[in-house]
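Structure first, then comments.
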Amino acid sequence: MASALDALAAAWGRALLLAALLSQLEPCSGNSELSTAVNITWSSINFKTILRWQPVPTNYVYTVKISGINSNWEKVCVHTKETECDVTDKLEKVKDTYTAHIVSEMLSGTDEFEEPPYAISPKFTPYNQTTIGKPGIQTYELIDSKLKVLVEDPLTPYRFPNKSFKSIRDIFKNDLEYTLYYWKDQSTGKKEATTKSNQFEISIDKGENYCFYVQATILSRRENRKSQESKTNCTRHQIDGLAAYGTEVFIIIAAAAIVILITIIGLSVAVYKCKKTKAAKEKETMPLNDV
């Protein structure tokens with residue numbers, strides 16, 4: 001009888017212990033219900049990089065952890081309810097390849113010893129994948145048969161020790177090339193010229209106006225090689241004399257001259273007929289001489 005009671009007590013003790021363990025696990029069960037991020041994308045222009053994802057959190061928050069192949073994990077946008085994070089400052093080693101973990105966390109009631117769920121982003125290498133924005137046209141001039149264009153490099157968010165911003169040329173160096181696309185105004189025939197510098201000087205037809213835009217190329221890339229196109233500019237060549245006004249003006253002047261000439265001829269004929277009629281009337285009314 002005593003052994004039976006001992007066995008029952010032992011079984012009861014094991015049941016209580018199991019219940020206690022289950023009660024400890026209950027607060028962590030909420031983690032399995034947390035939504036992890038989906039549709040994770042990198043958006044980067046001139047090395048300013050934003051990480052975006054879905055869905056908008058309800059009863060939880062996100063923390064972004066980011067690391068490169070040659071760098072340690074760092075946290076950014078800690079406990080945020082947003083679905084985007086500016087990670088530019090963490091990607092300054094632009095040739096490194098980065099991965100982000102978007103961690104879903106409860107603000108309270110989470111077991112500190114359990115790792116919260118997270119989603120893994122696609123890999124991202126800024127040097128190869130950032131989009132190059134529109135180059136600027138700093139100056140341009142048309143002199144005789146030469147068109148000179150000075151290109152302005154787009155700036156990046158990164159700085160030199162003196163706090164001035166680095167341009168894309170400071171990062172890409174000889175890997176950067178510019179192409180100038182140009183054509184006669186009102187024409188569809190397009191030509192192009194390339195340079196590794198910021199300056200173009202091309203020969204054109206003297207006396208003609210030209211339109212043009214500039215585009216950058218990253219030579220080492222296989223994809224996403226071209227930048228956005230710069231604003232299109234058109235020259236306004238100063239032509240001496242009436243030639244500056246074009247053919248239409250000459251036609252109008254010629255037509256006006258013809259009208260004036262016809263008017264003068266018409267008036268001359270009318271005056272001549274009027275004088276002739278007046279002379280005939282005077283002759284008819286003149287008295288006859290006595291015989």
Asp205 atom CG: more than 12 heavy-atom contacts under 6.0 Å: yes
For Leu142 against Glu208, the heavy-atom pair lying closest together: CD2-O, 3.6 Å
Considering all heavy atoms, the nearest Pro135-Ala216 contact: CG-N, 4.1 Å
Rounded distance (nearest 0.5 Å) linking atom OG of Ser121 with atom NE2 of His101: 7.5 Å
Heavy-atom closest pair, residues Gly189 and Trp183: O-CB, 3.0 Å
Spacing of Lys134 atom NZ and Lys231 atom NZ [to the nearest 0.5 Å]: 9.5 Å
Side chain Arg225, main chain Leu219, donor-acceptor under 3.5 Å: yes
ILVMFWY network linking Leu150 to Tyr182, side-chain heavy atoms under 4.5 angstrom: no
Thr194 side chain near Leu180 side chain, heavy-atom distance below 4.5 Å: no
Close side-chain approach of Leu155 and Asn46, heavy atoms under 4.5 Å: no
Heavy-atom check, side chain of Ile202 versus side chain of Ile204, under 4.5 Å: yes
Verdict with reasoning, Ile45 to Ile132, per side-chain contact (heavy atoms from CB on, under 4.5 Å): CA-CA 6 Å; Ile45 299 179; Ile132 306 303; over 6 Å; no
Arg52 and Ser43, any side-chain heavy atoms less than 4.5 Å apart: yes
Flag for Arg159-Ser164: side-chain donor and acceptor within less than 3.5 Å: no
Verdict with reasoning, Cys234 to Tyr210, per side-chain contact (heavy atoms from CB on, under 4.5 Å): CA-CA 6 Å; Cys234 294; Tyr210 281 79; over 6 Å; no
Note: Glu177-Lys196 ion pair, threshold 4.0 Å (strictly below): no
Asn198 side chain to Arg169 side chain, donor-acceptor N/O pair below 3.5 angstrom: yes
Short side-chain to backbone donor-acceptor contact, Thr130 and Pro126, under 3.5 Å: no
Ring-ring centroid check Tyr60 Tyr62, cutoff 6.0 Å: yes
Spacing of OG1 belonging to Thr235 relative to CD1 belonging to Ile143, to within rounding of 0.5 Å: 12.0 Å
Side chain to side chain, Ser104 and Pro57, heavy atoms closer than 4.5 Å: no
Salt-bridge present (Asp86, Lys48; N to O < 4.0 Å): yes
Check: Ser220/Asp175 side-chain N/O donor and acceptor closer than 3.5 Å: yes
Test item: Glu192 side-chain N/O and Tyr181 main-chain N/O as donor-acceptor pair under 3.5 Å: no
Whether Tyr158 side chain and Thr88 backbone form a donor-acceptor pair below 3.5 Å: yes
Between Lys166 and Thr156: side-chain donor-acceptor atoms closer than 3.5 Å: no
Minimum-distance pair of heavy atoms, taken over all atoms of Ile120 and Ile40: O-CD1, 3.8 Å
Test item: Asp153 side-chain N/O and Ile168 main-chain N/O as donor-acceptor pair under 3.5 Å: no
Residues Arg236, Asp185: salt bridge by 4.0 Å N-O rule: yes
Over all atoms of both residues, closest heavy-atom pair of Gly133 and Ser227: O-CB, 3.6 Å
Test item: Lys173 side-chain N/O and Asp170 main-chain N/O as donor-acceptor pair under 3.5 Å: yes
Transitive ILVMFWY side-chain link Tyr213 to Leu176, under 4.5 Å: no
Side chain Tyr98, main chain Ser71, donor-acceptor under 3.5 Å: no
Test of ring centre spacing under 6.0 Å for Tyr127 and Phe47: no
Between Lys146 and Ser203: side-chain donor-acceptor atoms closer than 3.5 Å: yes
Any side-chain heavy-atom pair of Thr41 and Trp53 under 4.5 Å: no
Separation of Thr179 OG1 from Gln215 CD (nearest 0.5 Å): 7.0 Å
Closest non-hydrogen atom pair between Trp73 and Lys65, with its separation: CZ3-O, 3.5 Å
Student check: side-chain heavy atoms of Cys85 and Thr80 closer than 4.5 Å: no
Atom pair NZ/CG of Lys81 and Asn59 - distance to nearest 0.5 Å: 7.5 Å
Greater than 12 external heavy atoms within 6.0 Å of Lys123's NZ: no
Ring centres under 6.0 angstrom apart (Phe200, Tyr140): no
Approximate separation, where rounding is to 0.5 Å, of Thr49 OG1 and Glu92 CD: 11.5 Å
Under 3.5 Å donor-acceptor, Thr97 side chain and Phe124 backbone: no
Atom CD of Gln228 with >12 non-hydrogen neighbours under 6.0 angstrom: yes
Polar side-chain atom of Asp96 near backbone of Gly68 as donor-acceptor pair, under 3.5 Å: no
side-chain contact (heavy atoms from CB on, under 4.5 Å) evaluation trace for Ile102 with Tyr118: CA-CA 5 Å; Ile102 302 175; Tyr118 61 87; 6.0 Å; no
Ser44 vs Ile50, side-chain contact (heavy atoms from CB on, under 4.5 Å): CA-CA, chis, key distance, verdict: CA-CA 6 Å; Ser44 182; Ile50 308 295; over 6 Å; no
Modelled atom types, side-chain donor and acceptor of Thr63 and Glu105, under 3.5 Å: yes
Flag, side chain of Arg221 to backbone of Asn128, donor-acceptor distance under 3.5 Å: yes
Pairwise side-chain contact, Val103 with Val64, heavy-atom cut-off 4.5 Å (strictly under): no
